[in-house]
K.L.:
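What follows is a structure written as structure tokens; I'll ask about it next.
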Amino acid sequence: MPAGPAASPPWPLACGLFGASTGAAAALATAAERPDTVAAIVLRGGRLDPAGWALDRIRAPTLLIVGGADHAVLPLNEAALLRLRCPKRIAIVAGATHLFEESGALDAVAWLAADWFRQHLTSKFPDLR
């Protein structure tokens, strides 16, 4: 017997995207193609150049997290920050390199991302706080 349509949740869902490295470009492309669906974006150590076309189309609040010692990606993110027209912020994790392998670096990323999503996803749906 085929399953029926999935039941809708009792509240509207807010979609948050998290992308790391080249996955950050995929998150940007998705947000640009689905601006009414994506409510918040976090990009960690993002190689944003493959999706540079999408930067002007992003509407969701976007957090760029970059390692302070990631000398290749940090300038790309700083340039992207200037092109974004949405609520935005860059967070630089001091001493972290591209993979955030340094002690405490991924913990910092997790806290930053969680705070961003908590702030921007629950602001749309205060009853979920």
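Side chains are part of it too, since the values below use all heavy atoms of this structure and drop only hydrogens, waters and symmetry mates.
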K.L.:
Looking at I90, is its backbone amide N or carbonyl O close enough to the side chain of N77 to form a donor-acceptor pair, meaning the two atoms are under 3.5 Å apart?
P.N.:
no

K.L.:
I'd like to know whether L74 forms a side-chain contact (heavy atoms from CB on, under 4.5 Å) with V66, so could you lay out the CA-CA distance, the side-chain angles of the two residues, the decisive distance to 0.1 Å, and finally the verdict.
P.N.:
CA-CA 6 Å; L74 182 55; V66 189; 3.7 Å; yes

K.L.:
Step through the shown structure and confirm whether more than 12 heavy atoms of other residues, nucleotides or ligands are within 6.0 Å of CZ on R83.
P.N.:
yes

K.L.:
Please check if the side chain of T22 supplies one atom and the backbone of A20 the other of a donor-acceptor pair under 3.5 Å.
P.N.:
no

K.L.:
Please report the C-alpha distance between R47 and V73 in whole Å, then the side-chain angles of each, then the deciding distance to 0.1 Å, and finally whether the side-chain contact (heavy atoms from CB on, under 4.5 Å) criterion is met.
P.N.:
CA-CA 6 Å; R47 295 292 317 212; V73 173; 3.6 Å; yes

K.L.:
Any link between L81 and L76 through a network of hydrophobic side chains (Ile, Leu, Val, Met, Phe, Trp, Tyr) touching at under 4.5 Å?
P.N.:
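No, L81 and L76 fall in different hydrophobic clusters.
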
K.L.:
Restricting to non-hydrogen atoms, name the atom on T62 and the atom on C86 that form the minimum distance, rounded to 0.1 Å.
P.N.:
OG1-SG, 3.6 Å

K.L.:
So, taking the atom named CZ in R118 and the one named CH2 in W111, what distance separates them when rounded to the nearest 0.5 Å?
P.N.:
7.0 Å

K.L.:
With side-chain contact (heavy atoms from CB on, under 4.5 Å) as the test, would you mind laying out the steps for R44 and L106 before giving the verdict?
P.N.:
CA-CA 10 Å; R44 187 219 47 143; L106 284 178; 4.1 Å; yes

K.L.:
Roughly how far, to the nearest 0.5 Å, is CD of E33 from CG of L28?
P.N.:
11.5 Å

K.L.:
Is there a path of hydrophobic side-chain contacts, each under 4.5 Å between heavy atoms of I, L, V, M, F, W or Y residues, that connects L43 with V38?
P.N.:
yes

K.L.:
Between A27 and L17, what is the shortest heavy-atom contact and its length?
P.N.:
O-CD1, 3.4 Å

K.L.:
Nearest 0.5 angstrom please: S21 OG to L99 CG, how far?
P.N.:
7.5 Å

K.L.:
Could you report the tightest heavy-atom contact between P35 and A32, atom names first, then the distance?
P.N.:
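Closest pair (atom of P35, atom of A32, distance): CD-O, 3.5 Å.
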
K.L.:
What heavy-atom pair brings A25 and A51 nearest, and what distance separates the two atoms?
P.N.:
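The pair with the smallest heavy-atom distance is O-CB, 3.3 Å.
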
K.L.:
For K88 and I58: C-alpha separation, side-chain torsions, deciding distance, then whether side-chain contact (heavy atoms from CB on, under 4.5 Å) applies.
P.N.:
CA-CA 10 Å; K88 60 195 174 191; I58 302 300; over 6 Å; no

K.L.:
How many angstroms lie between SG in C15 and CG in D36, if you round to the nearest 0.5 Å?
P.N.:
12.0 Å

K.L.:
How close do A39 and P61 get, counting heavy atoms only, and between which atoms?
P.N.:
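Heavy atoms only, the tightest pair is O-CD, 3.2 Å.
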
K.L.:
Going from CD on E78 to CG on L64, what distance comes out if it is rounded to the nearest 0.5 angstrom?
P.N.:
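Answer rounded to 0.5 Å: 10.0 Å.
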
K.L.:
Please tell me whether V93 and F117 are part of a single hydrophobic cluster in this structure, the criterion being side-chain heavy atoms less than 4.5 Å apart.
P.N.:
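V93 clusters together with F117.
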
K.L.:
What closest approach, in Å, do I92 and G68 show between heavy atoms, and which atom pair accounts for it?
P.N.:
CG2-CA, 3.4 Å

K.L.:
How long is the gap from CD1 on I65 to CZ on F18, to the nearest 0.5 Å?
P.N.:
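Answer for the CD1-CZ pair, I65 versus F18, is 6.0 Å.
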
K.L.:
Is W116 reaching over with its side chain to a backbone N or O of R89, donor-acceptor style, under 3.5 angstrom?
P.N.:
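Looks like no, no N/O pair under 3.5 Å.
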
